[in-house]
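To start, the structure under review is shown below, and the notes come after it.
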Number of protein chains: 2
Amino acid sequence: MSHNTDSETEKLIKEAAKKVFFSQGKIHANMQEIADEAGVNRALLHYYFRNRERLLLVILEEAMIDSHQVMIKVLTSNMSLEDKIKSTIDYMIDRFIDYPYMQAFIINEVTNNENSRLLHERHIAPFFNQLLEEIEKLIKQNNLAHKNSKQFLINLMSLMHYPLISKKIISNIFNYSDDEYKQFIMDRKEIILNVMLQRKN
Amino acid sequence: MSHNTDSETEKLIKEAAKKVFFSQGKIHANMQEIADEAGVNRALLHYYFRNRERLLLVILEEAMIDSHQVMIKVLTSNMSLEDKIKSTIDYMIDRFIDYPYMQAFIINEVTNNENSRLLHERHIAPFFNQLLEEIEKLIKQNNLAHKNSKQFLINLMSLMHYPLISKKIISNIFNYSDDEYKQFIMDRKEIILNVMLQRKN
DNA sequence: TTTTTGTTTAACAAAAATGTTAAACTTTGT
DNA sequence: ACAAAGTTTAACATTTTTGTTAAACAAAAA
């Protein structure tokens with residue numbers, strides 16, 4: 001690599017790490033593998049991020065912000081119920097179809113690393129209260145079949161995230177190519193909406 | 001530990017490994033941590049399982065069999081549609097409430113280990129065809145809102161597995177104790193059934 | 001042109017994890 | 001009592017990964 005200006009290389013490395021962790025799901029990836037993916041020397045990773053833990057924490061924080069801003073942005077907008085849910089699903093899937101293992105990474109970090117859990121608790125969790133209030137309003141206003149906003153939220157998250165996390169499993173059991181898997185996920189946009197709104201599909 | 005007969009220690013070690021991986025979600029756990037959990041010497045793990053990879057493959061295979069036998073057993077029984085789905089959900093949750101990260105382990109292994117993927121492809125994936133046929137029958141016979149058996153299956157799996165995998169996330173955002181989390185999951189038995197059958201709850 | 005910044009290389013130290021081995025000890029069965 | 005099987009201990013070799021450093025090099029900026 002030839003002399004990138006300022007923080008562009010930092011970004012390059014972060015993107016490489018995200019590719020390895022979020023796209024390829026290589027949860028045990030070491031510094032060398034990330035350096036290879038970035039096409040730079042391993043020493044450069046330490047130059048920018050000091051150590052492995054910090055690099056992971058940085059991309060974790062960006063993933064958390066990414067992931068949860070999606071929902072808050074759409075759900076606090078001025079749309080109808082259907083459009084809010086629809087936009088959330090559409091945007092989430094479009095945004096993360098190429099990062100299927102991002103949620104798995106977040107889950108794993110929060111589960112296994114106390115610092116990551118604190119990061120989640122401080123920066124992410126508080127916003128969920130806001131989100132739950134919003135969902136409760138939706139349920140009342142639209143007389144939804146679901147009554148419990150927490151369960152509603154987890155249902156939605158389950159239907160969106162699990163099929164991404166289990167990309168390999170799904171491809172394996174249905175014998176899907178990458179394109180077929182992608183189509184399967186795209187088809188879910190409408191299906192998830194219908195399930196959440198209790199409609200036929 | 002004092003002189004266990006035959007394969008009882010083997011079992012003890014496997015149970016310890018399952019506790020570490022499936023209950024605690026410590027996906028990066030090393031041999032020493034597993035030995036500690038089992039209360040035996042690390043050398044004993046090698047004595048019984050030769051190396052780390054084999055130990056993991058053994059508990060992976062048992063987990064796969066466990067996990068998928070649940071569905072096939074219930075879904076090919078003589079019950080009504082509602083009871084089949086209900087039994088599947090009930091049994092799955094009861095069986096794996098204490099192994100919330102089992103699915104995460106399977107997913108991770110299949111994603112990152114070629115041998116694990118082959119194990120899945122050879123022993124587990126074929127049974128899904130059987131399962132899909134069963135689901136298609138159910139959909140036709142009961143005129144279900146869902147028409148696509150594959151999407152139906154993934155919906156069900158999502159609603160069951162994701163909330164277990166994200167135990168820590170859920171506990172974090174809802175500020176749940178272990179008991180409260182458990183109750184939240186137990187409440188889902190009915191909720192998942194209602195969502196899958198498009199009923200009010 | 002000189003200086004600064006970014007980057008590579010290579011070598012190294014240190015730590016962590018894995019896998020192996022031999023010896024001793026304990027329990028069980030014969 | 002003896003043998004066999006199970007288990008522990010401790011030491012060791014090997015491998016892998018991490019983190020550090022110094023020197024050289026390239027490109028941009030001054």
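Atom set for the values below is all heavy atoms of this structure, side chains included, hydrogens, waters and symmetry mates excluded. Throughout, protein chains are lettered first and strands after them, A, B, ... in sequence-line order, and every chain is numbered starting at 1.
- Nucleic acid contact class of B/Arg42 (heavy atoms, under 4.0 Å, all strands): base.
- Of the residues in residues 14-31 of chain A, those with a non-hydrogen atom less than 4.0 angstrom from any atom of DNA chain D are A/Asn30, A/Met31.
- C/dA16 atom C1' lies 12 Å from atom CD of B/Gln32, rounded to whole Å.
- Note: CD (B/Glu53) to P (D/dT15) measures 17 Å, nearest angstrom.
- Atom CG in B/Leu45 sits roughly 10 Å away from atom P in C/dT18 (whole-Å rounding).
- Closest to the side chain of B/Leu44, out of D/dT7, D/dG19, C/dT7, is D/dT7.
- Annotation: side chain to side chain donor-acceptor pair (under 3.5 Å) contacts of A/Ser116 (sequence neighbours excluded): A/Glu109.
- Bending across the helix from C/dT1-D/dA30 to C/dT30-D/dA1, expressed as the angle between its end axes from five pairs apiece, amounts to 10° (10° rounding).
- Using a 4.0 Å cut-off between a side-chain N of Lys or Arg and a carboxylate O of Asp or Glu, B/Arg117 and B/Glu114 qualify as a salt bridge.
- Among residues two or more places apart in sequence or in another chain, the side-chain contact (heavy atoms from CB on, under 4.5 Å) test is passed with A/Lys182 by A/Ile97, A/Asp98, A/Met186.
- Taking the side chain of B/Ala43 as heavy atoms from C-beta on, and the options C/dT7, C/dT9, D/dA10, the nearest nucleotide is D/dA10.
- Computed from coordinates, the B/Leu55 CG to C/dG19 C1' distance equals 14 Å when rounded to whole Å.
- When each of B/Asn41 and A/Arg50 is assigned the nucleotide of DNA chain D with its nearest heavy atom, B/Asn41 is the one assigned upstream, toward the 5' end.
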Tabulate below the donor-acceptor pairs under 3.5 Å that side-chain atoms of residues 123-131 of chain B make, not counting sequence neighbours, or state none.
none

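- The nearest whole Å value for the distance from the CG atom in A/Asn51 to the P atom in C/dA15 is 15 Å.
- Partners of B/Tyr162 under the side chain to side chain donor-acceptor pair (under 3.5 Å) rule, at least two apart in sequence or in another chain, are A/His161.
- Sorted by first then second residue, the salt bridge (Lys or Arg N to Asp or Glu O under 4.0 Å) pairs that include residues 156-179 of chain A, not counting sequence neighbours, number zero.
- Listed pair B/Tyr48 / D/dT7 meets the phosphate criterion, a side-chain N or O lying under 4.0 Å from OP1 or OP2.
- Residue A/Phe105 forms a side-chain contact (heavy atoms from CB on, under 4.5 Å) with just one option from A/Val110, A/Ile165, A/Leu60, and that option is A/Leu60.
- Side-chain nitrogen and oxygen atoms of B/Tyr47 include none within less than 4.0 Å of the OP1 or OP2 phosphate oxygen of D/dT7.
- Shown here are the side chain to side chain donor-acceptor pair (under 3.5 Å) partners of B/Ser149, two or more places apart in sequence or in another chain: B/Glu136.
- At whole-Å resolution of the value, CZ in B/Arg52 and C1' in D/dT14 are 17 Å apart.
- Whole-Å rounding puts the A/Phe49 CZ to D/dT20 P distance at 15 Å.
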Side-chain atoms of residues 26-40 of chain B: list all donor-acceptor pairs with protein atoms under 3.5 Å, sequence neighbours left out, distances to 0.1 Å.
unit_1  : atom_1 : unit_2  : atom_2 : d
B/Lys26 : NZ     : B/Gln24 : OE1    : 3.1
B/His28 : ND1    : A/His28 : ND1    : 3.3
B/Asn30 : OD1    : B/Gln32 : N      : 3.1
B/Asn30 : OD1    : B/Glu33 : N      : 3.0
B/Gln32 : NE2    : B/Asp36 : OD1    : 2.9
B/Glu33 : OE2    : B/Asn30 : N      : 3.3
B/Glu37 : OE1    : B/Gln24 : NE2    : 3.4

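- Set against C/dT7, C/dG19, D/dT9, the side chain of B/His46 has C/dG19 as its closest nucleotide.
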